[in-house]
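See below for the structure under consideration.
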Amino acid sequence: MTPLFELKNIQMDFTLPHRRGLGPALSLRALRGVDLQVGPGEVLGLVGESGCGKSTLARVAVGLLDPSAGQRLWQGQPFPRDQRRGPALAQMVFQDAGAALNPRLTVGDQIGEGALARGLVARAGRDALVAEWMLRVGLDPALAAHYPHMLSGGQRTRVVIARALAVQPRFLVCDEGTAALDLSVQAQVLNLLADLRAELGLSYLFISHDLATVRHVSGRVAVMYLGRIVEQAATAELFANPRHPYTQALLAASPGMDGSAPAVTLHGDPPSPLDPPAGCAFHPRCAHAFERCPRARPELAEAAPGHLSACHLGRA
Ligand code: SF4
């Protein structure tokens, strides 16, 4: 079946500004050949340490960044170049709802402006549309006249979700969308996202450093390390049988489902994307590294049916 959304061999390079006396400008490759597919109604989780490229990938996925190379496909076709009118295909729920909202605009203006600009609603129908989306995300429509600073963190996150959904996307990228909330509010927002997915047939790319949350919400999980996907499988399979030593270390170093302390810590810091290690980028931190690891980069390949891993272990 054709995926709803697809990234093919995405590369994202940034040139760091030249600083006098510090040599030539540096090029940073944040994403290195990323392939991802999200099916209709599917939730794909994306995990990895801070700085691995998750947020860059989120911005590429919704079109806020143009990739340096590779393709972004919608139902097998390149994304339309001009997406300013009509329903948006993809939208983002940002990590920091406070920063994502304009402090000078009321909640109602922020939820309604996108739909108005895209011609999805006439000016006369804007307030009714705003009230409808506020109710759907569990907000009192009376808050439409409020400014973001007058709301709680949970309410601001609901406004960001309503603003995203008011332009009728079918694909939502949630970049640590619930990370700043306390646990009970986080659970409410996750339940809201699950209800909206069921009701509207949405697909999600759910990005988080919190493995327990990703396990709870995702049907499949991709693991990212230094700009590459190193493992991908159905959620139950990945958590029961992680193949890649990085995934194994990440799982061992994460708190238990009951909030208990992790069994081990993940040794060392991720290497700089300005100077990535040769071969397998994980080799300086890998307890299983052997002589082939620094010399050749392992391709992402099927280690078991539907289970991809990029590791030399067990390969001829
Ligand atoms: Fe470790 Fe080598 Fe596998 Fe990389 S390829 S994860 S260094 S065993």
Side-chain angles (χ1 to χ4, degrees), residues 7-13 27-37 44-58 60 69-70 205-215 218 220-256 262-316:
L7 296 177
K8 269 192 169 171
N9 198 20
I10 293 288
Q11 314 245 9
M12 189 72 228
D13 301 328
S27 175
L28 183 155
R29 179 156 290 177
L31 300 175
R32 302 159 179 264
V34 172
D35 292 316
L36 277 183
Q37 299 183 341
L44 175 66
L46 180 67
V47 298
E49 291 164 288
S50 296
C52 71
K54 302 190 299 294
S55 291
T56 302
L57 185 69
V60 169
L205 174 61
F206 192 90
I207 299 175
S208 180
H209 67 280
D210 179 353
L211 294 179
T213 302
V214 166
R215 183 178 193 172
S218 310
R220 271 188 313 132
V221 177
V223 181
M224 187 170 230
Y225 189 75
L226 210 65
R228 292 188 194 280
I229 303 299
V230 296
E231 184 157 13
Q232 190 173 305
T235 303
E237 162 70 7
L238 186 122
F239 279 84
N241 191 21
R243 301 271 176 160
H244 196 283
Y246 175 59
T247 311
Q248 293 166 1
L250 211 53
L251 293 185
S254 71
V264 298
T265 51
L266 186 51
H267 288 294
D269 293 322
S272 167
L274 286 169
D275 186 22
C280 173
F282 188 56
H283 83 258
R285 303 170 79 191
C286 182
H288 305 280
F290 58 107
E291 49 86 25
R292 195 192 309 166
C293 302
R295 290 197 284 108
R297 182 172 62 79
E299 295 295 332
L300 188 65
E302 205 162 59
H307 192 149
L308 305 177
S309 174
C311 176
H312 290 309
L313 285 176
R315 291 188 192 170

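Every heavy atom of this structure was used, including side-chain atoms; hydrogens, water molecules and symmetry mates were not. Order of listing sets the numbers, starting from 1, for every ligand and every atom in it.
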Quiz item: In Å, rounded to the nearest 0.5 Å, how long is the span from CD of Glu231 to NE2 of His307?
Solution: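 Rounded to the nearest 0.5 Å, the CD-NE2 separation comes to 3.5 Å.
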Quiz item: Less than 4.0 Å between a side-chain N and a carboxylate O, is that true for Arg29 and Asp13?
Solution: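 Yes, Asp13 and Arg29 are salt-bridged.
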Would you mind running through ligand 1 and noting each atom that sits below 4.0 Å from a heavy atom of [X]?
X	answer
Cys286	1 (Fe), 6 (S), 7 (S), 8 (S)
His283	7 (S)
Cys293	2 (Fe), 5 (S), 7 (S), 8 (S)
Cys280	4 (Fe), 5 (S), 6 (S), 7 (S)
His244	6 (S)
Cys311	3 (Fe), 5 (S), 6 (S), 8 (S)

Self-check item: Whether His244 side chain and Ala310 backbone form a donor-acceptor pair below 3.5 Å
Solution: yes
Self-check item: Donor-acceptor contact below 3.5 Å, side chain His283 vs main chain Arg292
Solution: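 Absent.
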Quiz item: Tell me: protein heavy atom nearest atom 5 (S) of ligand 1, and distance?
Solution: His312 N, 3.3 Å
Practice problem: Assign the ring pair His312 / Phe290 to parallel, tilted or perpendicular, where the plane angle (0 to 90°) is split at 30° and 60°. | Solution: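 Aromatic pair His312/Phe290 classed perpendicular.
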Quiz prompt | Smallest separation among heavy atoms of Ser272 and Leu226, with atom names | solution =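 Shortest heavy-atom contact: C-CD1, 4.4 Å.
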Quiz item: Which is it for Arg292 and ligand 1 at heavy atoms under 4.0 Å: side chain, backbone, both or neither?
Solution: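 No part of Arg292 is near ligand 1 at this cut-off.
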